Amino acid sequence: MKVSQLFTKTKKEAPADEQAKNAQLLIRAGFVHKEMAGAYDYLPLGIKVLENIKQVVREEMNSISGQELIMTGIQRKEIWETTGRWDDKVVDVWFKSALKDGTEVGFGWSHEEPIVEMVKKYLESYKDLPINIYQFQTKLRNELRAKSGIMRGREFVMKDMYSCSIDEAQHEAFYQATIEAYKRVYDRLGIGDDTYVTFASGGAFTQFSHEFQTICEAGEDVVYLHRGKNIAVNEEVVDDENLAKLGIKRDELEKVKTAEVGNIFNFGTQKSKEMDFTFVNDIGEKQLVHLGSYGIGITRVMGVIAEKFSDEKGLVWPASIAPYHVYLVNIGVDDNVVVATEKLYEDLSGQGVEVLYDDRDVRPGEKFADADLLGIPHRVVISPKTIEAGMIEYKSRTGEESELITIEELKQKLQK
RNA sequence: CGGGGUGUGGCGCAGUUGGCUAGCGCGCGGCGUUUGGGACGCUGAGGUCGUAGGUUCGAGUCCUAUCACCCCGACCA
């Protein structure tokens, strides 16, 4: 992509109606546009990051036998009434509307009930289990207050996965596999070291659920960490009884601000009972399905990464999700420079490297500033100087100094 | 939903105890000079001051209502 063709433009100043760092940077750099409080458009640069995050998650979910699908965002009232959750007093984030004929419908804030209702049509015997399905869905939640930029909106993208198992043992195996898959996801996204599997309130069926909490000042949660034993406990469930169960003492814990980037639940057979979600076992008896639910807030993760990996110059994307890998700059109006830069652009692009080529006729300082603001991991400069040396000039986004290297050496850096 | 704050060209802001053609910076168009960390000169376009009503000879400025946005709290599978 050439910068001259990008319809978005960068801004020197942060918008006045955003306090959150993630929103300020993402808007300044042209990744997102605010439509209203808690609702953002993802622009060409932003959607590349979003898709890259989704791809990492997709690969890991597929690796544990997840099957991708996508459900509708419009939901039937009757389905939610089976569990009592159509009621606004029970679920206060509903967006509701009606069809022209008066039929009431809701917009999906979750897909738990609808997915059970859907799978019921296909699940007959134990031979069909387990079933692990997931989707990337835009959730709509009528939050009383949106905040923190893209980290807590009224509309957001979530990966939600659901497991249907024969029994507790089969469920547990998948639950553990998911924890491991989630760890790989966060590692690949560059936040693995700061993300903790955290004990949180479990609801009716189980003692605890597990949240994936990433240390982040802009987060909404407070977690108590035991770094020695690598145990984390959500503030909501820190009490002497629970700490004793986990074998840790209160004075060994460190209090940190975190953002919840994932949450996994064991529903047991509770919901299956309410919704009559059953299968026939090997001796012909009707059994309740054992359910699990596993979420990752895709857009929130993007916000958390923007918050954590940024400096005074702008964003700093991890290579795994950066919208482009190389920011290519030509300096000097001399024809040789332009030809050499175009050639390198074609060469790298032809090899599958995502290059953002700043072909604009603006001063170098502006190009460098934008390279930094956009947070592209690698910056390459072609100038009369580099051509004379038969080299290219390289600097990483986080590096202090640039260096002259060969194109081959650049390609080696891109491998990493 | 309770509390606090903010709405003035595309963006960021100033605008005194009510006063005359509503300013500044950035950005944008034209011309020229520039070209290794967001250049400079000249010039030009662009604003029903969130909206509605009211007070007044006169309202960006005062009053009332309302909408939007931000922050704190509450809420949050």
Side-chain angles (χ1 to χ4, degrees), chain A residues 8-21 23-24 27-30 33-40 80 83 85 88-94 108-113 139 141-149 151-154 156 158 160-162 200-206 208-212 218-221 234-236 259-260 262-267 270-271 291-297 300 312-314 327 329-334 337 358 360-374 379 381-386 393 395 400-402 404:
Chain A
T8 54
K9 290 175 182 164
T10 57
K11 290 266 177 216
K12 282 188 200 173
E13 290 162 315
D17 67 344
E18 292 283 5
Q19 212 74 85
K21 182 162 67 168
Q24 292 193 341
I27 289 170
R28 277 185 59 204
H33 172 257
K34 185 187 206 164
E35 207 55 58
M36 65 180 92
Y40 295 84
W80 287 94
T83 57
R85 298 209 293 176
D88 289 327
K89 289 191 283 295
V90 177
V91 172
D92 65 0
V93 294
W94 270 118
W109 58 278
S110 161
H111 283 72
E112 289 162 3
E113 274 78 340
K139 307 294 184 191
R141 294 189 183 178
N142 202 346
E143 300 275 0
L144 222 40
R145 180 187 165 203
K147 57 185 281 197
S148 308
M151 289 173 65
R152 185 180 171 92
R154 296 195 167 93
F156 57 95
M158 181 172 169
D160 46 326
M161 179 164 67
Y162 305 88
S201 65
F205 190 80
T206 48
F208 296 114
S209 70
H210 292 95
E211 293 172 343
F212 288 76
E220 294 182 290
D221 293 330
N234 193 304
E235 185 179 42
E236 297 162 3
E260 183 186 332
N263 193 340
I264 62 178
F265 275 88
N266 177 0
F267 283 139
Q270 175 73 29
K271 193 178 294 291
L291 275 172
S293 161
Y294 317 80
I296 291 180
R300 177 179 286 177
E312 65 289 343
K313 291 176 178 170
Y327 196 95
V329 173
N330 64 311
I331 289 183
V333 285
D334 153 9
V337 170
D358 196 340
R360 296 174 300 173
D361 181 22
V362 296
R363 297 166 69 87
E366 198 169 332
K367 296 187 179 187
F368 295 153
D370 278 343
D372 289 338
L373 177 58
L374 265 50
R379 190 187 79 189
V381 176
I382 304 293
S383 70
K385 203 163 62 187
T386 66
E393 184 183 308
K395 188 178 101 56
E400 290 295 314
E401 308 259 320
S402 59
L404 285 178

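Basis for what follows: all heavy atoms, side chains included, without hydrogens, waters or symmetry-related copies. Owing to the predicted nature of the structure, the values given are computational and were not obtained by experimental measurement. Chain letters run A, B, ... following the sequence lines, proteins first and then strands; every chain starts at 1.
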Engineer: Determine whether any donor atom in the side chain of Arg28(A) lies under 3.5 Å from an acceptor atom in the base of G27(B), or the reverse, and answer yes or no.
Structural biologist: no
Engineer: What nucleotide, of G12(B), C72(B), G37(B), holds the atom closest to the side chain of Arg379(A)?
Structural biologist: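 In terms of side-chain proximity for Arg379(A), the closest of G12(B), C72(B), G37(B) is G37(B).
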Engineer: Check if the side chain of Glu393(A) and the base of G36(B) share a donor-acceptor pair of N or O atoms closer than 3.5 Å.
Structural biologist: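 For Glu393(A), whose side chain was compared with the base of G36(B), there is a donor-acceptor pair (under 3.5 Å).
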Engineer: Kindly indicate whether the side chain of Arg152(A) and the base of C76(B) share any N or O donor-acceptor pair separated by less than 3.5 Å?
Structural biologist: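 Per atom types, the contact qualifies.
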Engineer: Looking across every strand, which nucleic acid part, if any, lies under 4.0 Å from Ala14(A) by heavy atom: base, sugar-phosphate, or nothing?
Structural biologist: sugar-phosphate
Engineer: Leu373(A) CG to G38(B) P: how many Å, rounded?
Structural biologist: 15 Å
Engineer: Which part of the nucleic acid, if any, lies within reach of Asp17(A) when heavy atoms closer than 4.0 Å are counted: base, sugar-phosphate only, or nothing?
Structural biologist: sugar-phosphate
Engineer: At 4.0 Å (heavy atoms only), tell me whether Lys271(A) reaches a base, stays on the sugar-phosphate, or touches nothing.
Structural biologist: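 Counting heavy atoms under 4.0 Å across all strands, the contact made by Lys271(A) includes a base.
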Engineer: Would you tabulate the pairs of protein nitrogen or oxygen atoms and nucleotide nitrogen or oxygen atoms of nucleotides 22-24 of chain B closer than 3.5 angstrom?
Structural biologist:
none

Engineer: Once you apply a heavy-atom cut-off of 4.0 Å, does Ser293(A) come out as touching a base, just sugar-phosphate, or nothing?
Structural biologist: nothing
Engineer: What interatomic distance, in whole Å, is found between P of G27(B) and the corresponding atom of A22(B)?
Structural biologist: 26 Å
Engineer: With a distance cut-off below 6.0 Å to the six-membered ring centre and an angular limit of 45° from the axis, does Arg141(A) pair with Phe156(A) as a cation-pi contact?
Structural biologist: no
Engineer: Please map the stems of RNA chain B, keeping only stretches of three or more Watson-Crick or G-U wobble pairs with both distances under 3.5 angstrom.
Structural biologist: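 Paired runs of 3+ in RNA chain B: B:1-7 with B:67-73, B:10-13 with B:23-26, B:28-33 with B:39-44, B:50-54 with B:62-66.
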Engineer: Give Asp92(A) one of three labels, base, sugar-phosphate or nothing, depending on what nucleic acid heavy atoms sit under 4.0 Å from its own.
Structural biologist: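 Here Asp92(A) touches the backbone only, sparing every base.
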